[in-house]
Every structure is written in C-alpha cells, then in structure tokens.
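Remarks on the structure that follows.
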Protein chains: 2
Amino acid sequence: MPRSKGPAQPPAETGPAAARHLPEATLVRLTQYLRALTELRDAGRSSASSEVLAEAAGVNSAILRKDLSLLGSYGTRGVGYETEVLAQRITECLGLTHEWRVSIIGAGNLGRALSGYGGFRNRGFSVVALFDASPDLIGRDVNGLRVANVAFLEDVLTFTRTNMAVLAVPGPVAQELADRLVRIGVRSILSFAPVVLQVPEGVTLRKVDLATELQILAYHAQQAGQTGLQRP
Amino acid sequence: MPRSKGPAQPPAETGPAAARHLPEATLVRLTQYLRALTELRDAGRSSASSEVLAEAAGVNSAILRKDLSLLGSYGTRGVGYETEVLAQRITECLGLTHEWRVSIIGAGNLGRALSGYGGFRNRGFSVVALFDASPDLIGRDVNGLRVANVAFLEDVLTFTRTNMAVLAVPGPVAQELADRLVRIGVRSILSFAPVVLQVPEGVTLRKVDLATELQILAYHAQQAGQTGLQRP
DNA sequence: TGGTGTGAACGGATTCACAGCC
DNA sequence: GGCTGTGAATCCGTTCACACCA
C-alpha cells in the first residue's frame, strides 16, 4: 500500500524485512500470537481471522491487527491470516530463526526447573550449560546436563558458545556473576535474583521477580476486600 | 464515574488512606521501593532522598516522587523520606499487613523451587500447601510441607484457609485446575503455565511466562546483531 | 539551600471507527 | 458481506520544571 506520509515508512525496504523498532508491549503480545498460531495450526486450521486469533491469544482484536500491521500486511481482507505464514513471519521478527544457546547459572531448585522446562527447546533455545558453586551439585547430572563448576564459568561459556544467560542465584552473588557474564561477552541476561542489577549499555537485562508478582496480587485482593476464600 | 475534569482529586479523603487506584506500573515500582527501603534501613539509614532511594531501586527520581505522591505526603522537603515510615506506608498500601496464605499447585521442579523460595516468607506470604497428582510425589516431604493429593484440592484449600494460589502445572491441565480454584473461592492466582487462562470477572490472574522472557531477549539481541559472545 | 510535591507538556500505547479490498 | 489495515481520538504513564517548604 502506497501510504503517502503519516508514521514514517521505512523508505523502500526490500524483502519482507521492515519492523525496525517494535514497542515492548507489542513484543510481549507477539510471543502470545506465536503460541496461539502454533496451536491453531496444530489443530488443523490453515487460516484465522483477527477475532479468532485474538481470542486464542487472550487479547482484543483491534490491538492484534495494529500489532500485525507493524510487521507488514500479512492478512487477506475478508479472510484472515494464514497461520503458517504468519507464524513464520513472527518467528523471523523475534529473531527465533537463529539458534540461541542458553546457560543457566545456579542449579538450585529454580535452575533445575528451568533447565528442564520444555518450553525452551520448542522455541529455538538450547540449554547448553548449567552452573553451580556447591560441591554437592557440581558434577551431578540434571536433565542430561552435567552441573559445571561456576569457577570455570568463562571457559565453559566460551566453549559452549553461550549467547544468553539465566541467573538463578541468590541475590548477594547476582551482581558479581552478572559482571562476569558481561565481561566474557554475554549481552542478554534474564535474572530471577531479587536485587537491582547494574549492567552497562548494550546489555539487555530482563528481570522476573516472584515476590513482586505475589505482592501485586495481594494489592488487588486487598482492594477487592478479599481476605479469605470467597464462596460463590 | 462523574469525573469532572483535570486529574481528579480524591475529594477530602480522611486519614492516611487515599490511594484508591494505583496504576499497575506504579505497583511494580512500589515493590521495588519497598525492597530498597528495607535494605537502606537495615544498612542503618533512617532517611533517604528521592535521589538515593531511586538509585537503590533502579529507577529515576522523578517517577519515584510521582509514585510516592500518590500515597500522600510522606517526605520532608529539604530532607527526604524516613525509611521506616515510608516502608510501613507502602506495606499497608500493598495489602501486606494481612497474612496471605499461598497454596502451590504442582510439585514438579518449579513448584518445589517456589515452595522453598525465601522471598515469600519475608514478605508476609506463607506457603500452606503443595499439591501434585503424581503418586511418586504425593506424601513426600518438600521444604517441610507434605505434598498433598490434588484430588483433595478443595478440602485442603478450605482447611488451610488458602487465599492465593500459584499454578505450576503443565499447560494442558492448567485451565481445569484454575476452574477448580475459582469454584472453591480463590480470587488471586499466579500462573506459570504457558497457556491462556480464562477466569471470571473478580478473579485476579497474573502470568509469568519463561519462554516469553527469552523470546524478548532474543529480539533485542537480534536487533543489536549479537549472535555470539561479544568480546570487548 | 536542598529536596519534595505537582501542574503541565510530552510521548507511547490502546481503542475507535471506517475506508478499502477480497 | 466480511475482515484487514490504519488514521484519529483517547487514555495512560513518564518526564520536565518549578513553586513551595523545612
């Protein structure tokens, strides 16, 4: 579509590239669309309308169309979106065609849970190493991985060509480990440690905080005056 | 709502209550301020400026002052905020003075990790039950809790007076369990299952999706052209 | 003087509504 | 007729800048 002006078209982009900068909120939803598309396709649907797809992804259809329009025109008016084509397009956009090699630092309960999480392998992520500092854990087999000594972190990250790391360690040692990760060249870190981490520009850090999640639930429950089980 | 105009002042609120409706983004930061305040207080600081506090919480000071102003005036001009007083105020606002009784559904790696997570107990959450469907797990002791049979979910939730639940179960059974939780009266659910869950109005559902987090990291890494370790 | 509290400006994201295409 | 794609309007959240106060 030869859009005249408006929100700055990427000037004559070749191929199906486009999508320079996707808003964070859109990114989150794209991953949901991707899952919904996979389910619909596996259920034998070759196409779906924005209404159906939005329902499956748990969002409203207006925002879905808006999001998808950022990737370019991949729907057919009067019909909908081809599940296969669109899934492929989103996969490309998210950078999931590349193989991501993930190391998990910390082989406690959480680290072990993550290393066995099936949702990773399905989506282009391989867990290539699992580290701990405890002699009780080092050398043990966890989900087919041998727990490595975190003293050799740098060597193993290099050897395994790790390009993404998950921090599942206690708060007090998290910053120190993040520093080591950054120094050896890891630029993408997901942290479960309940502390504020400082990383230099150019490193992407995401945080998941379990206590925060419960605290926010508590706020909403309190707001609604729900202090116990609410029989209907 | 008869909103007159402007940013709608709560008309003449009595007592230190106020704070009808805190924005979601503010809630997330309040939990960060709370942690930062606890650390500062434990380090012996009885007061801190917005600048210091923001630094400790990993945000900028303007948004911190804005957030805190929503709770009422708790700072002293020229001085800052009293750590003790402010921590108490935030604790109240978030509804953390009440005791929250959490049941965890699913005693796999993730469920076990969560049941042992120290960050909960410290913040007014007690894990009161842990469930699973597998005969291999039922009856086993995990972090001082006996794994209960999920067949008796309703009875145990009632007995333990559970008012918050965490779903750490495989996707395919998550909706069914969410339905049972809702039916028995649970109104606050945190789900780790990688599926879209439907819950009725009045039930607060939060989702943590590990695959989504990695996918978003992948996007940013790809944007920056980082496909391997980046030596400095 | 130093630092809070807050209107006002700004920017980003969501919703609305419909033109345009199949 | 049905559904996408998208301007316009709206809502929400952040940043700015400064009046005001201890």
Side-chain angles (χ1 to χ4, degrees), chain A residues 1-10 16 18-30 32-33 37 45-83 85-86 89 216, chain B residues 1 3-10 13 16 18-30 32-33 37 45-83 85-86 89 216:
Chain A
M1 164 165 290
R3 191 141 47 96
S4 56
K5 46 182 58 173
Q9 208 66 356
R20 289 300 81 184
H21 231 30
L22 298 172
E24 199 68 15
T26 294
L27 284 177
V28 173
R29 287 189 300 265
L30 283 179
Q32 295 164 355
Y33 305 156
L37 283 165
R45 296 195 63 145
S46 63
S47 75
S49 70
S50 63
E51 198 63 57
V52 166
L53 190 46
E55 164 85 18
V59 302
N60 79 59
S61 61
I63 194 82
L64 179 138
R65 290 201 303 279
K66 194 68 138 184
D67 285 337
L68 294 185
S69 77
L70 296 176
L71 310 189
S73 291
Y74 281 81
T76 311
R77 292 175 197 231
V79 179
Y81 302 89
E82 281 187 59
T83 52
V85 174
L86 184 55
R89 177 72 180 120
I216 293 173
Chain B
M1 165 168 290
R3 191 141 45 98
S4 53
K5 49 183 59 176
Q9 210 67 355
E13 188 65 52
R20 290 300 81 184
H21 232 30
L22 299 172
E24 198 69 14
T26 295
L27 284 177
V28 173
R29 287 189 299 265
L30 283 178
Q32 296 165 354
Y33 305 155
L37 283 165
R45 294 195 64 147
S46 63
S47 74
S49 71
S50 64
E51 199 62 59
V52 167
L53 190 44
E55 163 85 19
V59 303
N60 78 59
S61 62
I63 194 82
L64 179 138
R65 290 201 303 279
K66 193 69 138 183
D67 285 338
L68 294 185
S69 76
L70 296 176
L71 311 189
S73 291
Y74 282 80
T76 310
R77 294 179 195 228
V79 180
Y81 302 88
E82 280 187 59
T83 51
V85 173
L86 184 54
R89 177 73 179 121
I216 294 173

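Here the structure is a predicted model, which is why all the values come from computation and not from measurement. Within every chain, numbering begins at 1; the chains are lettered A, B, ... in the order of the sequence lines, protein sequences first and strands thereafter.
- At whole-Å resolution of the value, CD in Glu51(A) and C1' in dG1(D) are 16 Å apart.
- In this structure, OG1 on Thr26(B) lies 12.0 Å from NE2 on His21(B), to the nearest 0.5 angstrom.
- A donor-acceptor distance shorter than 3.5 angstrom exists from the side chain of Thr83(A) to the backbone of Arg45(A), with no hydrogens or angles considered.
- Nearer to the 5' terminus of DNA chain C, by closest-nucleotide assignment, is the contact made by Ser69(B) (compared with the other of Glu24(A) and Ser69(B)).
- Remark: Asn60(A), Ile63(A) in residues 57-64 of chain A come within less than 4.0 Å of DNA chain C through at least one heavy atom.
- Put simply, the side chain of Val59(B) reaches to within 4.5 Å of the side chain of Tyr33(B), judged on heavy atoms.
- The shortest side-chain heavy-atom distance between Glu51(A) and Leu64(A) does not fall under the 4.5 Å cut-off.
- As rounded to whole Å, 15 Å separates atom P of dT10(D) from atom NZ of Lys66(A).
- In this structure, the side chain of Ser49(A) engages the main chain of Val52(A) through a donor-acceptor pair within 3.5 Å.
- Rounding to whole angstrom units, CD of residue Glu55(A) and P of dC3(D) are separated by 15 Å.
- Following rounding to the nearest Å, Asp67(A) (CG) and dG12(C) (C1') show an atom-to-atom distance of 13 Å.
- Atom OH of Tyr74(A) and atom P of dC22(C) are 17 Å apart (whole Å).
- Rounded to whole angstrom, the span from the CG atom of Leu70(A) across to the P atom of dT4(D) amounts to 16 Å.
- Atoms CG (Leu22(A)) and C1' (dT14(C)) sit 16 Å apart, rounded to a whole Å.
- Considering only residues two or more places apart in sequence or on other chains, Ser50(A) meets the side chain to side chain donor-acceptor pair (under 3.5 Å) condition with Arg65(A).
- Remark: P of dG5(C) and CZ of Arg89(B) are 12 Å apart, rounded to the nearest angstrom.
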Under 3.5 Å, which N/O atoms of the protein pair with N/O atoms of nucleotides 1-3 of chain C?
unit_1: dG3(C); atom_1: O4'; unit_2: Gly78(B); atom_2: N; d: 3.0

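- Two residues are said to be in side-chain contact when any heavy atoms from C-beta on lie closer than 4.5 Å; Leu70(A) and Pro23(A) meet this criterion.
- No more than 12 heavy atoms of other residues, nucleotides or ligands shown are found within 6.0 angstrom of CD on Glu82(A).
- At least one donor-acceptor pair under 3.5 Å links the side chain of Arg89(B) to the backbone N or O of Leu71(B).
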